Structures are given as structure tokens and as C-alpha cells.
Amino acid sequence: MAIPAHLTTTPPASPPSAPPARRDFLPFSPPLIGEEEIAEVVDTLRSGWITSGPKTKRFEQDFGGFVGAPTGGALALNSCTAALHTALVTAGIEPGAEVITTPMTFAASVNVIEHVGARPVLVDVEPDTLNIDPARVAAAVTPRTRAVLPVHFAGHPVALDEINEIARAHGLTVIEDAAHALPASYRGRRIGSGTNPAAFSFYATKNLTTGEGGMLTGETAFVERARIVALHGMSRDAWKRYDRGGHWFYEVVLPGFKYNMPDIQAALGLWQLRKLGGFQERRHAVVRAYDDAFGDNDALELPARRVEVEHAWHLYVLRLRPDALTIGRDAFIEELRHRNIGTSVHFIPIHLHPYYRAKYQYRPDSFPIAFGNYERMLSLPLNPRLSDADVTDVIEAVLDVVRRYRR
Ligand SMILES: *Cc1c(COP(=O)(O)O)cnc(C)c1O
């Protein structure tokens with residue numbers, strides 16, 4: 001997608017300045033699927049049960065156990081977007097309600113608020129973590145506020161104590177967008193283990209992937225209601241109707257959605273979950289290498305981390321210091337691309353997208369912290385497929401661009 005000219009900081013440098021050090025392009029975030037996942041999918045295809053069934057049930061139990069969700073408090077769905085939408089409907093968020101959320105997120109977090117006819121109320125982020133700022137959440141509460149939808153940006157948990165306290169004081173539901181937060185902890189508690197509904201993503205680029213997929217965790221009674229909302233509003237799901245001992249009768253108690261995860265996807269998730277510890281070890285090692293390489297460079301700002309959290313390191317968001325460089329972020333990305341290093345930007349803030357910009361009459365400086373950081377951020381490759389040589393290539397490319405364009 002082309003970035004509107006008025007949003008770019010500097011025109012791309014032309015021509016790019018150096019021959020590529022790497023022969024092949026390093027993609028930003030390819031999935032890591034092994035033979036175990038492939039065999040499990042094939043087993044599903046041969047089993048006679050290819051939609052939601054025994055493997056989805058087992059994946060829910062394994063995942064719930066892993067994050068420490070209450071018993072029966074994990075619901076596998078076909079995306080994180082579906083999980084967020086289901087959570088909003090289950091929480092009774094309706095037209096006329098306001099939901100406070102962050103501009104520094106993927107569109108899905110905010111689109112779902114529009115889907116239920118509520119008004120997303122954006123508030124700016126903290127300058128260090130780029131997570132939603134609890135003080136601004138408190139200031140944005142009105143008599144119409146019904147929920148807060150914080151996003152654990154990049155895998156760094158939000159200030160949950162402060163947000164939960166605001167919610168408690170005003171009777172609000174907190175729905176956590178935990179798409180990046182697997183596994184992450186806040187004050188020793190895993191994200192997904194609390195009483196707030198939390199929505200995880202298993203999209204192809206996420207820390208655990210099922211191709212497409214998601215999980216909603218929360219209190220048992222909430223998740224039981226969500227299960228009905230997410231499957232046509234039916235009082236009993238297909239597995240219970242078509243299994244031995246099942247019965248044909250069901251009742252539709254509300255006009256629900258078709259958001260269930262099939263066993264073909266759960267088959268991938270079962271093995272990805274078993275491998276997650278190893279994936280995370282590799283992510284942490286890459287983060288340490290980047291930190292060591294960039295930590296004392298005055299043109300670069302490292303991702304923040306606070307002592308009370310365990311970071312999931314879904315993203316490594318590097319920020320450029322414009323005062324130290326003669327090029328901006330866009331040109332920096334082009335220089336890295338020329339060196340065969342794939343990067344990305346997380347995120348184009350919500351208020352810059354045409355739909356939201358027009359509907360709520362936002363200007364770029366409506367959320368100056370989100371906007372200012374957007375203009376100088378880029379996400380470096382961070383995934384368990386990276387070899388030591390790949391990591392060295394990324395580091396050398398970044399340092400080379402900094403050297404060439406130092407002010
Ligand atoms: C990826 C992502 C989502 C959407 O996840 P899907 O599983 O693709 O629906 C939502 N929120 C954030 C912050 C994300 O990065």
C-alpha cells in the first residue's frame with residue numbers, strides 16, 4: 001500500500017548506497033512448520049473428522065493449561081479478530097457504547113468495535129512501551145464507556161493493574177488483544193490467565209501459527225457463553241450432535257457467528273504449542289544479539305521493557321533518532337531492502353487510515369506520541385527460523401546504513 005506523500009518523513013534515497021551483503025532476500029516473518037505438524041494435519045484429513053472435533057478440544061485444553069486459563073476457559077476460533085468480536089458481543093457491547101482503545105495497533109482491534117456498532121475512542125500511547133496510556137484511559141471515560149480494549153503491543157504487556165483498576169471503578173469490561181502476547185506475563189501472571197477475556201492470534205506471522213486461527217480465554221462462564229455466540233447461537237455444537245451418544249436436537253438462542261476453529265488447524269496448533277518454548281528461546285537469543293549490537297548506538301532506540309513484565313518478543317521495534325541521521329524511516333527501510341533485509345512497520349496508526357480519519361475527523365497529530373513514533377519505527381526480522389548468520393546480516397546492514405547516513 002502506498003503511504004500518502006504527506007506522511008512520509010523523507011523521500012527514499014536514490015540510488016541506494018551499497019551492494020547487498022546477502023545473496024538471498026531475508027523475509028521478515030516466514031512461518032516455521034515442521035514434519036510433526038504436517039503429519040498431524042494428514043492424520044486429521046484421514047480421520048473422517050475435519051471440522052471442529054477432538055483435536056480442537058484438545059488444543060483448547062492444552063492452550064488453556066499453558067497460559068493458566070480457568071478450566072474450560074479457552075475457546076478456539078478461526079482468528080483473533082473473531083475472538084475479539086465474539087468477546088465484545090458476549091460482553092454485551094452494543095450500538096451507542098464507547099470502547100477505549102489504542103491507535104498503535106492493527107486495524108482488527110478497532111474494526112471489531114465498529115462491527116458491534118460501538119464507537120472506538122482512541123487515546124494516545126506511552127512513549128516508552130507504545131502501549132495504551134492508563135492515565136489517558138481514565139481521562140477518556142464517559143457515561144457511555146462500556147469497555148477498554150488494550151493491546152499488548154509487540155508482546156510487552158500493558159499496565160494491567162492500572163487499567164483493571166479504572167475498569168473496576170467504572171464497571172467496564174477489559175478485553176485484552178493478546179495477539180502478540182504469547183507467552184507473556186505481567187507481575188508473574190501469564191496473559192490469558194486472568195479474569196479479563198483475552199484474544200490470541202495464530203495468524204501466519206504470529207509466535208504460534210495455525211495458518212489462520214485464534215483463541216479466546218477468560219472466566220469459564222464467559223467462555224461458555226462465547227462458545228454459543230461464536231457458533232450460530234446454537235445450544236450445542238456439532239461435535240456433541242454427531243458424536244456417538246449425540247442427539248440431533250439443538251436450539252438457536254441468539255443470531256451467532258460461524259467462527260469455530262476446525263481440527264485441520266488445531267492439528268497445527270497442537271504441535272506449535274509443544275514447540276513454543278524452543279521458538280521463544282530463539283526469539284530471546286535474537287533479541288539479545290540486537291540489543292548488544294544497537295544498545296550503545298546514539299542513532300537507534302531499543303524497544304522498552306519494564307521490570308514487572310515477561311516480554312513475548314513478537315516484534316523487535318527499533319526506533320530511529322532523526323537528529324542523528326540524514327535519512328528518515330522510509331529511506332532506511334529501502335536501504336535495508338537493498339541489502340536484502342526484509343522489515344515491516346507496526347503499525348500505521350489507526351487514525352491515519354482513511355475510514356477512521358474521515359469518520360472521526362482525526363489529524364496526524366490527534367495522537368502525537370503514536371504518530372511521532374510511527375514516523376521513526378521499523379520492525380526487524382524476529383522469528384525462530386533466523387540463523388546466526390541471518391542475525392549477523394541484519395545487524396551489519398542496520399549498522400552500515402546508520403554509518404552511511406549519520407548526520
Ligand atoms: C494479528 C493481529 C490481530 C488479528 O489477528 P487475526 O488472527 O489475523 O485475526 C489483532 N490484533 C493485533 C494487534 C494483531 O497484530
Side-chain angles (χ1 to χ4, degrees), residues 28-31 56 59-60 63 74-89 99-116 120 122 125 129-132 147-158 163 174-184 191-192 196-217 226 230 257-262 265-266 268-269 272-273 283 303 311-317 343-353 356 370 373-374 377-379 382-383:
F28 172 68
S29 191
T56 304
F59 183 41
E60 287 176 345
F63 187 92
L75 170 63
L77 297 170
N78 58 27
S79 72
C80 176
T81 309
L84 290 166
H85 187 201
T86 298
L88 285 165
V89 170
V99 179
I100 301 172
T101 191
T102 169
M104 190 53 85
T105 188
F106 182 59
S109 321
V110 188
N111 288 347
V112 291
I113 299 170
E114 297 276 327
H115 292 169
V116 298
L122 303 182
V125 294
T129 62
L130 305 181
N131 275 326
I132 195 167
V148 185
L149 199 156
V151 178
H152 303 296
F153 176 78
H156 188 299
V158 299
I163 291 168
V174 178
I175 296 169
E176 298 174 37
D177 182 335
H180 301 177
L182 181 69
I191 300 302
N196 296 336
F200 294 86
S201 175
F202 310 133
Y203 181 67
T205 58
K206 298 290 166 43
N207 288 14
L208 180 161
T209 186
T210 61
E212 301 277 2
M215 190 78 73
L216 178 63
T217 61
F257 308 114
K258 184 61 164 70
Y259 280 166
N260 56 300
M261 174 185 283
Q265 282 165 262
L268 294 165
Q272 289 271 299
L273 186 60
R283 284 179 182 275
H311 202 309
W313 290 114
H314 172 55
L315 300 172
Y316 192 93
V317 177
T343 59
S344 192
V345 174
H346 298 89
F347 289 95
I348 304 165
I350 296 299
H351 69 289
L352 302 184
H353 291 298
Y356 291 101
N373 280 283
Y374 158 65
M377 62 166 45
L378 68 158
S379 303
L382 176 57
N383 62 73

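Counting convention: from 1, in listed order, for ligands and their atoms alike. All values reported here derive from a predicted model rather than from experimental measurement.
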Report the distance from atom CG of N131 to atom CD1 of I163, rounding to the nearest 0.5 Å. 7.5 Å
Provide the closest heavy-atom pair for E114 versus Y356 in the form atom of the first, atom of the second, distance. CG-OH, 3.5 Å
Under 3.5 Å between some N or O of ligand 1 and some N or O of T105? no
Can a donor-acceptor pair be found between the side chains of S29 and N383 at a distance below 3.5 Å? no
Heavy atoms of P197 and L216 approach each other most closely as CB-CD1, 4.1 Å
N or O contact, Y203 vs ligand 1, cut-off under 3.5 Å: no
Starting from atom 15 (O) of ligand 1, which protein heavy atom do you reach first, and at what distance in Å? H180 NE2, 2.6 Å
Of the protein's non-hydrogen atoms, which lies at the shortest distance from atom 9 (O) of ligand 1, and what is that distance? T81 OG1, 2.5 Å
Can you confirm if the aromatic rings of H311 and H156 lie within a centre distance of less than 6.0 Å? yes
Within ligand 1, which atoms have a heavy atom of S109 less than 4.0 Å away? 11 (N)
Touching ligand 1 at all, G214? Heavy atoms, strictly under 4.0 Å? no
Is the closest N or O pair between D177 and ligand 1 shorter than 3.5 Å? yes
Filtering H152, K206, H85 for the heavy atom nearest atom 14 (C) of ligand 1 leaves K206
With ring centroids as reference points, do F106 and H314 lie under 6.0 angstrom apart? no
N78 and E212 side chains, donor-acceptor separation under 3.5 Å: no
Should the pair F63 and F202 be assigned to parallel (<30°), tilted (30 to 60°) or perpendicular (>60°) ring geometry? perpendicular
Taking N or O atoms only and a 3.5 Å limit, does C80 qualify as a polar contact for ligand 1? yes
Would you say the ring centroid of H346 lies under 6.0 angstrom from that of F28? yes
Below 4.0 angstrom from a heavy atom of G213, which ligand 1 atoms are there? Numbered from 1 as shown, please. 7 (O)
Side chain, backbone, both or neither: which applies to F347 and ligand 1 if a contact is any heavy-atom pair less than 4.0 Å apart? side chain
Please could you name the atoms of ligand 1 that V151 approaches to less than 4.0 Å, counting only its heavy atoms? 13 (C)
Does F153 reach ligand 1, in the sense of a heavy atom lying below 4.0 Å from it? no
